[in-house]
Each structure stands twice: as C-alpha cells, then as structure tokens.
Amino acid sequence: MTSRPKQPVRVRFAPSPTGNLHLGGARTALFNFLFARHHGGVMLLRIEDTDRERSTEAAIAAILDGMRWLDLSWDEGPIFQTSRLDRYRELAEDLVARGHAYRCVCTPLELEEQRKKSQAKGLPPRYDGRCRDRKISADLPHVVRFRNIPDQIVAFDDLIRGPLSFDSGLLDDLVILRTDGMPTYNFAVVVDDADMKISHVIRGDDHINNTPRQIPIFHALGADIPAFAHLPMIYGSDRTKLSKRHGATSVMAYREMGYLPHALANYLVRLGWSHKDQEIFTREELIAHFDLDHVGSSPSVFNPEKLLWLNAHYIKNAPDTVLSPLVSELLPPLVEPLPQSFDPDHRLRIVSLLKGRAKTLLELAEFSLPYLDRTLAIDPHAREKALGPESASILEPLLVSLSSLPDWSADPIKNVFTQIGEALNKKLGELAQPVRVALTGKTVSPGIFDVLLLAGREISLIRIEAALALARTPFSASPSPTGKDLS
Ligand code: GLU
C-alpha cells in the first residue's frame with residue numbers, strides 16, 4: 001500500500017506520561033523510529049502532558065529511560081505540550097475568529113440534560129449546539145467548541161487499514177479548549193502535528209475513531225493532512241487486550257527480568273510486521289527492510305515463549321564484553337566471594353562458557369554463582385538424583401586421582417575420568433553427573449571438564465569432597481537438605 005513518500009518523512013512518538021512505557025507504546029515508538037530511519041527522515045518525541053492530573057515526572061523519566069534502553073533515538077524533542085499552551089490558545093482564538101469554533105457557556109447541568117434528551121430519542125449522547133451562534137464574550141468562563149460540519153463524509157486512506165470513511169453527522173461539536181484554558185487531546189495533537197509538519201501519524205488503532213475528529217480540524221487550520229497508519233492491537237493469549245493479567249507489560253520490567261533490549265525490540269517489531277519469513281534482524285536490517293506495507297491489519301498475539309527464545313538467541317550471540325557487566329549488575333550479593341571473582345577475565349570466561357544455555361541474563365547470573373562464590377546452594381532434587389550412596393563409589397576414586405594431579409588442565413583431568421571410567425566400567429556421563437552436582441549444585445551445566453577448569457582446582461576438590469560426605473549421609477539424615485554451605 002505504501003510507496004516511497006513524496007514529502008520529507010517526519011514522524012513522532014507522542015506518549016501521554018501517565019505510566020510506564022508499555023509494550024504497545026514501545027512498539028509504536030519502534031515503528032516510528034524505523035520508518036524515520038528507513039526513509040532518512042526525522043523522528044520527533046512529543047510528551048503529551050496536558051492532562052496535568054494524570055501526568056507525572058516519574059512517568060516522563062520512565063518513558064525516556066525505556067526509549068533509551070531500547071536504543072530508540074529521536075532527532076527533535078522531547079517537546080512538552082505544556083510548553084505550548086499559548087500556541088493552542090492562539091489557534092483556538094483564531095478558529096473562533098474565523099467561525100470554525102465558538103465559545104460555549106453551557107453548565108454541566110445543561111449538558112447532562114441535553115445528553116439525557118438525546119438518549120431518550122435513542123441517539124448517541126451529544127451536544128445540541130445551543131451556543132453555536134450566541135457570540136459569547138471571551139470574558140465569561142467558557143469552553144471553546146469546534147464547529148462540526150454535519151452531512152459530510154470524512155474519509156482517509158489508512159496505510160494499514162485501507163480506505164476508511166466516517167459520517168460527520170455522528171461527530172459532536174468537540175470541546176477543543178477547556179474552561180481552564182487547557183487544550184483537549186484532539187486539538188493539541190492536531191496543532192502539533194500541523195506545526196511540526198508531521199508527514200505520517202503512526203499510532204495505535206485505539207486512536208482510529210479520533211482521526212475523523214482530527215481531520216476537520218486540520219482543514220480548519222489550513223494545514224496539510226498527514227498520512228495515517230493505525231497499528232493493530234496487541235492481544236494476550238486469550239485474545240483480549242494485552243494487560244497485566246498476561247504478565248509484565250512495562251518495558252523496564254523486561255530489563256529487570258534479564259532481557260536484552262535488542263531482543264525485546266526484535267520481538268516487538270515482529271508483532272505486526274514481517275519480512276519474508278525472517279525472525280531475527282540486526283538493527284541495520286530492520287532499518288533497511290522496515291516499511292508500513294508489510295504491517296498486517298489483524299491483531300498480534302503476545303507470545304512470551306517466543307520472546308524468551310529470541311532473548312536466548314541474543315544472549316548466545318552477544319559479545320562476552322557486553323554481557324559481563326550486565327550479568328554483574330544482576331548478581332545477588334556474593335556470600336563469600338572467591339578471590340578470582342574480582343578478576344574481569346574470569347568473569348568473561350564464565351559468561352563465555354554459560355551464555356549458550358541462558359534464556360535470560362538473570363539465569364546467566366544465577367548460573368555464574370558457583371564460579372564466583374565459595375558458598376554453593378545444591379538443588380535438593382539434584383542431590384537426591386545424583387548424590388545418592390552409590391555416587392560415593394564414583395566420587396571417592398575421582399577425588400583421590402584428581403587431588404594428586406600435578407597439573408590442573410584439560411588433558412590430565414580427562415585422563416583421570418577415562419581411567420576411572422574403565423576401572424568402574426562406567427561411561428563418562430555417569431561419572432560426570434555427581435561431579436556436576438557437586439560443583440554447580442545443578443544437574444545441568446556445560447561440559448564437565450570446562451566446569452572443572454573454570455571452578456579451578458581448589459574449589460573443585462573442596463566441593464567433590466563435600467559432595468562425597470553428603471553421598472555418605474542418608475538423605476533424610478542430612479541436617480540441611482539444601483546443602484547450603486559445602487565448603
Ligand atoms: N498521546 C496519545 C497516547 O499516548 C497518542 C497520540 C497520538 O499518537 O496521536 O495515546
């Protein structure tokens with residue numbers, strides 16, 4: 001549907017700062033950003049903060065943090081609507097002067113009566129237009145209403161939904177300026193989009209019913225009408241609008257849960273947009289391929305499993321130097337830090353060994369603990385499975401042979417396992433499992449030789465010895481089945 005835009009591309013992300021940046025808002029920001037970058041245009045950030053009761057500084061900060069974290073840059077702004085109040089008032093007055101708007105002094109009681117009358121007639125509740133021709137003085141407390149022209153069809157070609165038309169007779173004489181001089185959303189947004197020369201309005205389709213209210217205001221202001229693209233909703237798995245019931249919805253909650261920003265952005269872009277059957281995109285690829293013609297018009301369903309899969313992919317492929325500080329931030333306080341835990345190279349080695357298995361950075365931090373902290377928590381299920389009495393016959397000879405190794409490196413360690421495997425007639429996997437649980441507290445880990453090398457000689461031997469003691473203690477008789485401190 002879209003082709004290369006003729007005019008210079010100028011788009012905006014225009015959040016109302018009444019809460020965190022949510023997944024839906026982040027996707028709108030991302031689509032605007034990609035569209036601007038793809039077309040070499042301008043991305044503007046506008047904070048729609050005219051609802052003073054609901055707008056907060058904390059929400060503004062959260063939105064900016066979320067945008068920065070997702071690596072979404074903007075070229076102009078943030079522009080705050082509250083810094084443009086004079087402009088809205090000036091243009092509202094201008095519309096009054098030119099007959100497109102009028103002052104209204106109807107009281108809330110009168111409006112309520114009018115609403116009831118329309119409802120009694122089976123019509124939508126609406127303003128009856130009684131102040132339209134009353135020439136009310138600006139000195140009286142008043143609102144300003146836009147003069148709706150009935151019997152017209154307001155039509156536009158939505159870049160996602162296709163041609164849409166609305167009967168203007170169904171629209172009300174919209175309040176554009178409140179008694180306190182604050183503009184309403186539909187007015188401020190049009191004044192801004194006109195003044196800021198926005199070429200494409202890309203926003204959620206919860207605004208689609210506002211567009212036919214806004215187009216006549218553009219006309220009245222003598223401004224160019226931007227192109228509109230309304231993005232379909234994001235649903236939860238039960239096909240209702242995505243909300244807290246479906247899990248975390250704020251972008252920054254995903255940061256706390258150990259998601260990488262580019263993984264989340266990659267996930268969000270595929271909620272509605274596709275490029276052949278490609279799933280994973282670099283930022284450069286997104287900019288190269290993104291356009292509105294491949295944004296679908298049906299709602300997308302949020303799939304946390306797929307997001308997790310993408311996150312695992314991004315973690316696996318991220319440079320160790322990028323991951324290591326992020327993992328360090330997420331580590332719980334170490335109980336008894338190992339001396340090497342302060343060595344940045346040791347931390348890089350840990351990340352390098354473990355990143356292929358972690359779905360989140362939090363998981364990666366948790367997997368890192370056995371190599372950073374002398375204290376080891378043993379999963380009770382792992383202990384029950386792998387450190388039963390029969391494992392003593394494996395751990396004991398391994399401990400003896402490993403202790404006597406002059407050199408703690410891969411080949412001698414492997415030889416020990418081969419020899420003991422042959423002597424006991426056991427496969428490597430059978431030998432590795434109790435050692436794995438001894439060293440990491442878990443039944444799953446990277447290859448056992450890598451684990452032994454990364455843990456180092458001292459800690460490996462201490463932990464195998466402690467596990468041997470556990471193996472000899474009947475499970476129920478153990479004072480602490482969590483086997484907290486084995487060292
Ligand atoms: N401020 C509006 C919102 O956060 C968006 C306005 C628009 O994009 O036109 O929903």
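Excluded from the calculations below are hydrogen atoms, water molecules and symmetry mates; all remaining heavy atoms, backbone and side chain alike, are included. Whatever order the structure lists ligands and atoms in, that order sets their numbers, starting from 1.
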**Prompt:** Of the non-hydrogen atoms in Phe281 and Tyr314, which two are nearest, and what is the gap between them?
**Reply:**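 Closest heavy-atom pair between Phe281 and Tyr314: O-OH, 2.9 Å.
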**Request:** List the atom of Pro232, the atom of Gly296, and the distance in Å for their closest heavy-atom pair.
**Result:** CG-O, 3.2 Å
**Asked** So which pairs with a foot in residues 49-67 pass side chain to side chain donor-acceptor pair (under 3.5 Å), sequence neighbours left out?
**Response**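 Sorted result for residues 49-67: Asp49-Thr82.
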**Request:** Write out all pairs satisfying ring pair (Phe, Tyr, Trp, His ring centres under 6.0 Å) with one or both partners inside residues 57-91, taking only residues at least two apart or from two chains.
**Result:**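 Residue pairs passing ring pair (Phe, Tyr, Trp, His ring centres under 6.0 Å), neighbours aside: none found.
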**Prompt:** With sequence neighbours excluded, what pairs up with Phe302 under the ring-ring contact (aromatic ring centres under 6.0 Å, His included) test?
**Reply:**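 For Phe302 the ring-ring contact (aromatic ring centres under 6.0 Å, His included) partners, ignoring immediate neighbours, are Tyr267.
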**Asked** Can you list, by chain and residue number, every protein residue with a non-hydrogen atom closer than 4.0 Å to ligand 1?
**Response**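 Close residues (ligand 1, cut-off 4.0 Å): Arg12, Ala14, Pro15, Ser16, Glu48, Tyr185, Val189, Arg203, His207.
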**Message:** If the threshold is 4.0 Å, N to carboxylate O, is there a salt bridge linking Arg87 and Asp94?
**Reply:**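 Answer for the salt bridge query: no.
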